[in-house]
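Heads up: the structure comes next, in structure tokens.
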Amino acid sequence: MAMKGTVHYEKRGDVALLTIDNPPVNPLSSGVRQGLFDGVSQALADASVKAIVMTGAGRAFIAGADISEFGGSASQGPGLHEVLTMMENSTKPIVAAINGTAFGGGLEVALCCDYRVAAPAAPVGLPEVKLGLLPGAGGTQRLPRLIGAEQALQFILTGDPIPAPKAKALGIVDEVVDGDIVDGAIAFARKVVADGGKVRKIRNESARVAADRQNPELFANARKDAARRMRGRFAPEMIIQCVEAAVNLNDFDAGMAVEQECFRRCLSHPQREALIHLFFSEREVAKIPDVPRDTPVKRLQSAGVIGCGTMGGGITMSFANVGIPVTVLEMTQEALDRGLGVIRRNYEIQVQRGRMTAAQLDQRMKLITGTIKYEDLGQADVVIEAVYENLNVKVEVFRKLETICKQGAIIASNTSGLDIDAMANATSRPGDVIGLHFFSPANVMRLLEVVRGSKTSKETIATAMQLGKTLNKIAVLSGNAPGFIGNRMLAGYSRQAGEIILQGATPYQVDNVINQFGMPMGPFQMNDLVGLDLGWRARQLAGVKPEDVPMTARVADKLCELGRFGQKTSRGYYIYPEGSRAGQPDPEVVQIVEDTSAALGITRRPIEDSEVLKRCLYPLINEGARILEAGIAIRPCDIDIVYINGYGFPEVTGGPMFWADKQGLDNILNDILKFRSEYGDFWTPAPLLERLVKEGKTFASLQG
Ligand SMILES: NC(=O)c1ccc[n+]([C@@H]2O[C@H](COP(=O)([O-])OP(=O)(O)OC[C@H]3O[C@@H](n4cnc5c(N)ncnc54)[C@H](O)[C@@H]3O)[C@@H](O)[C@H]2O)c1
């Protein structure tokens with residue numbers, strides 16, 4: 001098999017120029033490693049070469065390791081460590097000309113060079129932590145020696161890239177070069193040669209780590225921060241141990257051995273596989289089999305939003321945040337003023353927290369225009385309604401939009417689960433109608449469910465998926481079925497939570513089990529946040545008789561009768577002390593739950609945590625299987641992405657469908673059948689689940 005990628009060798013006077021060429025982003029594939037090894041050897045053997053410059057062809061320097069070589073078949077060519085050792089032993093100075101992206105192994109290559117110069121727009125980063133890994137080519141050892149442990153930890157633990165000027169300020173690069181980066185790097189190299197040709201091996205530097213040795217609390221702080229931001233993650237602790245080794249061992253090779261061991265532990269940890277699954281899934285969900293990549297996409301340069309409530313306000317901010325002018329419509333001036341006020345306050349909080357400047361606040365507010373006149377939406381390229389969740393109200397809004405939206409405008413609904421076709425058919429242009437289901441808070445949450453109606457055109461779908469990207473969201477396509485993907489799955493989860501507490505658990509036990517699993521909020525914490533009164537009021541409006549209220553809604557309705565609507569009234573399932581979002585359990589609620597069980601004639605019994613977990617999570621899997629079979633979600637990974645980005649499912653599990661495969665679908669099916677015999681037909685297994693088990697297959701086998 002031919003090796004992948006190559007490195008061009010060229011002489012520019014007394015400088016050897018190595019250009020890494022492995023389109024599109026120059027990952028460190030076999031041919032690149034071989035080429036670097038050969039190129040440096042050749043330059044060292046040529047007495048007329050005084051210095052070496054290394055750069056990338058195209059727009060990247062080196063985007064990182066070749067992920068396709070991970071965990072799989074043995075790769076060809078020299079290992080990266082062999083190449084790096086050889087570079088580090090070079091007696092001639094090597095200058096990295098960082099022309100573009102230098103991520104992961106790419107930055108580690110640059111750290112083995114003696115000097116680094118970068119183009120102003122080149123981002124550098126060590127994103128390994130996001131894949132459950134750590135920089136395993138010396139990054140955890142060299143970076144602390146270069147910039148100190150505190151900054152190195154921050155940089156490696158967030159995994160976020162930084163622009164070259166910031167990298168210069170931190171000391172990661174020596175110079176930012178305007179103009180041609182290769183010319184700049186060659187000039188830099190010649191200057192080094194003129195000054196005596198000094199090499200600078202980071203491995204030999206000890207001043208920074210010696211200073212850090214006096215400051216052991218920096219590791220305690222890093223651990224505290226990691227526990228807060230990346231709860232339950234394995235890689236961060238491994239990274240901290242590596243940097244500790246860099247600081248405390250004072251022996252580069254001993255530190256490298258620790259890094260190797262920690263890297264190996266990350267590599268074999270199940271979280272790594274799950275996180276890499278998510279990495280690929282995020283790219284996969286953009287692919288829609290019947291909407292080819294070259295489908296024309298409309299340019300969306302202005303937007304309209306209808307309703308400036310919780311969702312409308314957040315959607316409006318999402319547009320303003322990416323510089324798209326947006327007009328937001330409300331029913332009355334009063335409601336409009338209130339909605340715009342909330343938007344401004346949200347931005348002000350960001351300014352207070354230092355996430356935004358006052359000037360940026362002004363810029364964003366200038367992009368937002370409020371109105372109470374529909375005509376003002378006539379020129380918008382896309383209009384999204386976010387009015388009350390009531391089909392009649394929405395159909396009415398669509399009828400109006402039909403008369404005022406310009407031809408070709410995308411007309412969208414943010415409904416949480418109502419029929420997109422019913423809205424589309426209220427217009428004469430159903431091809432332009434689509435669901436754009438944002439999640440609360442819409443300016444923060446990454447997920448966007450894009451819902452295709454039966455007549456939605458391919459151009460509209462492609463444009464909506466592109467809009468997701470423009471708004472920095474991750475768009476997943478769903479079919480038009482009640483609840484779409486996410487909320488449809490959620491229904492069974494919520495119902496089980498409601499049943500379990502009537503049978504013997506407390507809401508606190510259920511939430512605790514779900515929190516332990518890694519979701520930031522359990523079902524009852526979530527209900528308190530959303531507001532228990534929503535369902536209660538809806539039932540009252542619909543005139544549901546007390547005896548017809550679903551069993552699982554009775555506790556919530558009783559709480560509402562006591563004025564306990566959740567966080568907004570400081571009481572719901574939990575009590576919220578003044579200004580706190582962390583609820584405390586309340587014996588009164590336990591009493592209400594027990595009384596409700598008694599009134600329904602249910603004998604309470606202890607329910608084990610393991611049963612609680614299965615009964616909450618398996619409905620997600622079972623319904624997920626139905627959603628797949630019905631073609632509502634294209635692939636299992638689409639469901640994983642929805643549930644992780646919209647519902648707080650822990651990333652380290654890889655999502656519900658990936659997680660289910662790891663549990664063993666046969667085990668899950670056995671439990672589901674057992675639950676059916678105990679609790680009834682809710683637990684009828686999805687035909688797809690039964691079929692996969694019978695054939696000994698996994699959900700992953702459906703990925704194609
Ligand atoms: N709240 C959530 O978590 C969430 C999440 C996803 C989707 N949604 C969906 O978003 C939509 C809005 O929900 P919300 O939570 O923002 O509700 P909300 O009550 O906070 O806001 C609705 C706003 O729409 C305005 N409005 C109502 N009818 C209107 C009309 N005919 N013309 C103009 N404005 C009108 C109201 O004055 C109100 O300000 C619903 O369809 C809901 O299902 C909500």
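For ligands, and for the atoms within them, numbers begin at 1 and follow the listed sequence. Computation of the quantities below employed the complete heavy-atom set of this structure, encompassing side-chain atoms and omitting hydrogens, waters and symmetry-equivalent molecules.
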- Query: For residues D638 and Y643, is any side-chain donor paired with an opposing acceptor at under 3.5 Å?
  - Reply: no
At less than 3.5 Å, what protein N or O atoms come close to the N or O atoms of ligand 1? Include the distances to 0.1 Å.
from	atom 1	to	atom 2	distance (Å)
ligand 1	8 (N)	S416	OG	3.2
ligand 1	10 (O)	N414	ND2	2.9
ligand 1	16 (O)	T310	N	3.3
ligand 1	16 (O)	M311	N	2.7
ligand 1	20 (O)	T310	N	3.0
ligand 1	20 (O)	T310	OG1	3.1
ligand 1	37 (O)	E330	OE1	2.8
ligand 1	37 (O)	E330	OE2	3.3
ligand 1	39 (O)	E330	OE2	2.5
ligand 1	41 (O)	V387	O	3.3
ligand 1	41 (O)	E389	OE1	2.5
ligand 1	41 (O)	K394	NZ	2.6
ligand 1	43 (O)	E389	OE1	2.8
ligand 1	43 (O)	S416	OG	2.7

- What about the rings of F565 and W536, do their centers lie closer together than 6.0 Å?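 Ring centroids of F565 and W536 are less than 6.0 Å from each other.
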- Keeping to residues at least two apart or across chains, list the salt bridge (Lys or Arg N to Asp or Glu O under 4.0 Å) pairs with something in residues 432-442. K298-D432
- List for me each residue that meets ring pair (Phe, Tyr, Trp, His ring centres under 6.0 Å) alongside Y574, sequence neighbours excluded, and say none if there are none.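 Listed in chain order: Y508.
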List, one per line, each side-chain donor-acceptor pair under 3.5 Å for residues 331-339, sequence neighbours excluded.
from	atom 1	to	atom 2	distance (Å)
T332	OG1	A335	N	3.0
Q333	NE2	D337	OD1	3.0

- Please state whether the rings of F658 and H277 are parallel, tilted or perpendicular, taking 30° and 60° as the class boundaries. parallel
